[in-house]
Structures are given as C-alpha cells and as structure tokens.
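Residue numbers count from 1 along this sequence. Only a predicted model underlies this, so the values are computations on that prediction, with no experimental measurement involved. We count ligands from 1, going down the list as the structure has it; atoms in each ligand are counted the same way.
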Amino acid sequence: MSDIMYSSTRDKEGVSVSAAAAIINGIAKDGGLFVPSYLPKIDLSFSELKNQDYKGLAGFLLGSLFVDFSEKEIDYCVSNAYNDKKFDEGTIGIKTFDNVSYLELFHGKTLAFKDMALSILPYLMTVAMKKNGLKEKILILAATSGDTGKAALEGFADMDNIDIMVYYPKDGVSNIQKLQMITQEGKNTKVIGINGNFDDAQGAVKQILSDSNIKRELKSRGYIFSSANSINIGRLVPQIVYYFYSYLRLLNDGRINNGESVNICVPTGNFGNILAAYYAGEMGLPINKLICASNENNVLTDFFNRGVYDKNREFFTTVSPSMDILVSSNLERLLYHMSGNDADYISDCMQSLKTKGSYTVNDKIRNSLGDFYADFANEIEVKREIKRVYDKYEYVIDPHTAVASCVYEKYRHKTLDNAHTIIASTASFYKFFRVVYESCFDNYDAKKDDFTLIDEIAKLTATSVPYAIKSLKNKKILHNLVLDRGEIVKNFFEYL
Ligand SMILES: *Cc1c(COP(=O)(O)O)cnc(C)c1O
C-alpha cells in the first residue's frame with residue numbers, strides 16, 4: 001500500500017497533504033477535516049506489544065500514522081509530552097470493578113483528558129513547522145468553555161515560535177476553571193475574559209480567523225493562525241494510544257484474554273475521543289461495541305438511533321459542561337469513512353447542516369453504524385450514578401464519567417452483554433466537586449467557599465486533593481483583561 005496521506009472530508013478532488021501540513025493547518029481550506037487515506041493494521045502482535053510503556057506504545061502507533069515524521073522526531077515529541085513532569089506515574093490509571101474498567105485519562109496537569117492530546121500537539125506542531133520550513137510563527141486562537149482552554153495553555157506555554165491566545169466567557173466557566181486560566185504562566189500565553197457566553201467567545205474567534213484584513217496584518221508581523229481544537233488531526237491520533245494501552249494492561253493483569261473483544265464507552269461531546277476508539281478498532285483493537293454516551297444534549301443519541309442529525313433543539317446547560325454541544329464536529333470524519341470516502345456526499349450533508357441545521361444520512365451510512373450503541377443520561381440519573389458508584393465501590397467519578405457509566409448500565413440491562421467494558425473517565429472529580437459533594441453527601445452547603453468544600457470532600461472520600469487544585473490557592477493572577485463582545489475583533493492587535 002502507498003504511504004498514508006491526509007485529505008479533506010469535503011474535497012472532491014481528494015488532494016492530499018502530509019501529516020505535517022495537516023497538523024500545521026488544523027482545518028482544510030474548504031472547511032473539511034483532514035482524514036488519513038487509510039488506517040494501517042498494526043503489524044505487531046499484542047504479546048509483542050504488551051510490555052511497552054506508554055511512551056513506547058505511543059511512539060509505535062504515532063509512527064505508523066504520521067509516516068512523514070522520522071522515528072527520532074516522533075521520539076522527541078513523545079518523550080517531551082508523556083514524562084513525569086507532566087503526568088502521574090504510568091500516564092493513565094485503570095480502576096477495575098467486576099467486568100468494568102474505568103480508564104482514568106485525567107492524570108495530566110489540568111486534570112482533564114484533553115491533556116492526553118494537548119501535551120503532545122505543541123511538539124508535533126513544532127516539528128511539523130521545522131519539517132515544512134515554515135518561516136512564520138504560529139498563533140493559536142481558542143475559545144473555551146473550560147477544559148480545552150486550560151489544557152491548550154498548559155501544553156503551549158513557553159514553546160518557541162508559537163503563541164497562544166484563549167478567550168473564555170467570564171461567567172460561563174466554573175470558578176476553579178477560571179482560576180486555572182487566569183493564573184496561567186508562560187511568556188507566550190494570553191487569556192482574555194469576555195462579557196458574554198461561550199457562543200460569543202467562539203463567534204469572536206471564528207470572526208477573527210476569517211477576517212482577511214487581520215490575516216494580512218498578522219502575516220506582515222510574521223505569524224499565521226492555527227488551531228488546537230479537536231478537529232486538528234494532531235490531537236486525534238494521540239488519543240488512539242490509550243485505548244490500545246488500556247487493553248494491553250488488562251491483558252497483562254489477566255482481566256481479559258488475548259484477542260477478547262471489549263466494549264468501549266465514552267462520554268461524548270465533540271466526538272473526538274470516541275472517534276479515536278473507532279480508529280483503534282480499525283487498526284486491529286478487538287472491539288465489540290462502541291457506546292456513545294451523551295447528556296441531555298442528546299443530538300448524537302438521536303442520530304445513531306434514527307440516522308437524522310438535527311441541531312434544531314433546546315440547548316441545556318448541564319453538570320457535565322464539556323459535553324454541552326449541539327454540533328459534534330468530529331462526526332464528519334466517521335461519516336466520511338462510512339460513506340466510502342464520498343467527499344461529495346459529505347459536503348452536501350455539511351451544507352445542509354449549515355443552512356437547515358440538520359441532515360439525514362443515506363442507507364449506506366445507516367447500515368454501517370451497527371458498531372455503535374448510543375444513549376443518554378439526564379441530570380438526575382447522572383447524580384444518582386455518581387452516588388451509586390461511590391456507595392458500591394467507594395470510587396468517586398466526575399459528572400462526565402458518570403454520564404458514560406450510567407449509559408453503560410442501561411446498555412447492560414437492555415442487552416445482557418457482559419463483555420469487559422472500558423469506560424473513558426475524562427476528568428478528576430475535583431474539577432466538579434460541587435455536584436459530586438451534593439450527590440454523595442447530605443451535608444453539602446452551597447454557601448461555603450470552594451477551598452473549604454474541597455478540603456471537606458477530600459476527608460469524606462479519603463482521597464487527596466490534586467496538586468493542580470491545591471496550588472491554585474496561592475497563585476498570582478496574571479490575566480485580568482475582560483472585553484465586551486464588540487471590542488474583541490476591533491481591538492484584536494491591541495492585545496496581541
Ligand atoms: C472534552 C471533554 C469531553 C468530550 O470529549 P469529546 O472528544 O469532545 O467527545 C468529555 N469529558 C470531559 C471532561 C471533557 O473535557
């Protein structure tokens with residue numbers, strides 16, 4: 001087979017670029033997402049792979065997809081991303097109860113699974129810039145509803161030749177999330193609050209990115225834009241690694257047999273994390289069902305069950321805010337693969353989404369969705385699930401993980417399938433301690449301040465407060481700029 005290249009999901013001509021170019025650009029010119037020309041089957045057996053550490057496995061898997069990167073370049077990226085300065089020992093954690101394993105993806109610096117990809121993206125981008133002889137520097141712009149912004153800031157802080165600017169809705173993120181961002185260190189970081197909601201922040205970023213005057217001025221200052229959000233293929237591919245890694249760990253621990261199929265259940269927002277699991281399956285990981293779990297913003301549940309994607313509906317603000325999404329961008333990649341790489345058809349679907357807010361997929365795609373199972377959990381079910389898991393296992397899960405855990409329970413009752421199931425655990429409960437406290441313990445007092453409650457819940461659950469939370473108490477606030485929506489684009493260069 002020929003070398004793996006990357007092309008846009010919307011490009012009828014199928015023009016392809018190297019992985020390095022795809023990573024630098026983030027999104028394709030036609031608005032589509034970069035996808036690999038094919039997914040290579042891994043050419044080593046699980047018994048050969050099972051003693052690899054996280055870095056070793058990441059190097060092997062990334063190298064098989066980013067074929068224009070040399071082994072040395074991949075090693076450089078992997079060893080800078082997944083070391084003990086950035087992650088707890090082992091990089092990820094696995095907690096198994098009966099035939100369920102919670103795959104803890106939150107052992108990085110910001111306590112959310114986005115660290116898994118955003119700790120390596122800056123290195124991949126730096127190498128890609130060198131490989132392509134890029135003369136400009138890169139400016140990363142991001143709007144955030146909480147987790148992405150902080151993980152991106154932490155990943156890009158103090159990288160050479162890349163600056164990062166993050167906009168967040170001043171009153172639309174939790175106190176802890178806000179503190180995490182406005183105390184961000186690093187000479188190349190800028191954090192700006194917005195008087196408005198997440199859509200205002202995102203709208204402003206989109207407006208800046210598509211403003212040709214700004215682009216021209218930026219170029220004259222020696223910069224180009226890129227993106228760190230989950231449509232960048234440099235974020236998606238590193239997420240494949242932990243699905244293989246957890247399977248191998250379970251194999252090593254005798255929890256599963258070599259070749260045994262597992263279910264993977266993922267709390268889903270933008271469809272990046274679960275798409276990485278699907279990619280892992282295409283590369284040879286034995287998967288029975290991919291369980292797509294949503295909160296009350298259950299567009300994806302309806303999509304998988306009816307073949308209709310329809311964002312024309314009420315938007316709910318939930319206790320799992322990182323999943324409060326009505327347009328799951330990465331679904332476009334799945335549809336592309338399932339349509340048999342039919343860019344024409346995908347363009348039409350996305351055009352329909354843009355103009356009508358909905359699209360219906362053809363039979364070919366509908367008939368390919370059988371690997372997936374989808375359901376959702378409402379707010380009451382999420383809180384009950386946090387308590388159920390705590391009471392049964394003395395194990396505390398965050399509300400995003402609880403969505404997945406609850407949906408898995410529903411799946412098991414309905415199907416009686418008892419295959420071993422990996423549930424992606426996407427955040428430390430300390431990031432969302434209020435809802436956890438309220439769900440598990442009667443003495444929750446909403447009026448108490450954050451750090452008092454954090455100390456209390458640590459005692460109650462006999463867990464220790466992560467350093468990333470503890471240290472916030474004494475950190476200096478370094479970013480206190482807040483703008484009105486109208487000032488953001490107009491005064492863009494003033495704050496650069
Ligand atoms: C981003 C996020 C998700 C959703 O992941 P996607 O890849 O966007 O589907 C789930 N949980 C947490 C805690 C997150 O930060």
query = Quick one: does Gly269 get an N or O within less than 3.5 Å of an N or O on ligand 1?
reply = yes

ask   = Is it true that the side chains of Thr91 and His107 contain a donor and an acceptor less than 3.5 Å apart?
value = no

query = Can you find a side-chain donor-acceptor pair between Tyr373 and Asn288 that sits under 3.5 Å?
reply = no

query = With a cut-off of 4.0 Å, which atoms of ligand 1 are near a heavy atom of Ala427?
reply = 13 (C)

message = Distance under 4.0 Å to a non-hydrogen atom of Thr268: what atoms of ligand 1 satisfy this?
response = 9 (O)

query = Hey, would you say the His479 and Tyr168 ring centroids sit under 6.0 Å apart?
reply = no

query = Who gets closest to atom 14 (C) of ligand 1 by heavy atom: Lys431, His400, Lys114?
reply = Lys114

remark   = ligand 1 atoms nearer than 4.0 angstrom to some heavy atom of Asp147 are 13 (C), 14 (C), 15 (O)

message = Please check whether Thr426 reaches ligand 1 - meaning an N/O of the residue sits under 3.5 Å from an N/O of the ligand, judged on distance alone.
response = yes

query = Have Gln184 and Lys150 got a donor and an acceptor in their side chains that come within less than 3.5 Å?
reply = yes

ask   = With a 3.5 Å cut-off and no angle check, do the side chains of Gln351 and Arg10 form a donor-acceptor pair?
value = no

note = Output for pair (Glu104 CD, Ile397 CD1), nearest 0.5 Å, gives 11.0 Å

ask   = What is the closest protein heavy atom to atom 8 (O) of ligand 1, and at what distance does it sit?
value = Asn270 N, 2.7 Å

query = Got an N/O contact under 3.5 Å between Gly272 and ligand 1?
reply = yes

request  = Measure Phe271 to ligand 1 on non-hydrogen atoms and call it side chain, backbone, both or neither using the 4.0 Å cut-off.
outcome  = backbone

message = With heavy-atom distances below 4.0 Å as the criterion, list the atoms of ligand 1 near Pro267.
response = 4 (C), 10 (C)

request  = Check whether any side-chain heavy atom of Val382 sits under 4.5 Å from a side-chain heavy atom of Phe376, and report yes or no.
outcome  = no

query = Should Ser230 be listed as contacting ligand 1, given a heavy-atom distance under 4.0 Å as the test?
reply = no

key: Sub-3.5 Å N/O-N/O distance, Asn273 and ligand 1   = yes

inquiry  = Is a donor from one side chain sitting under 3.5 angstrom from an acceptor on the other, for Arg333 and Asn330?
reply    = yes

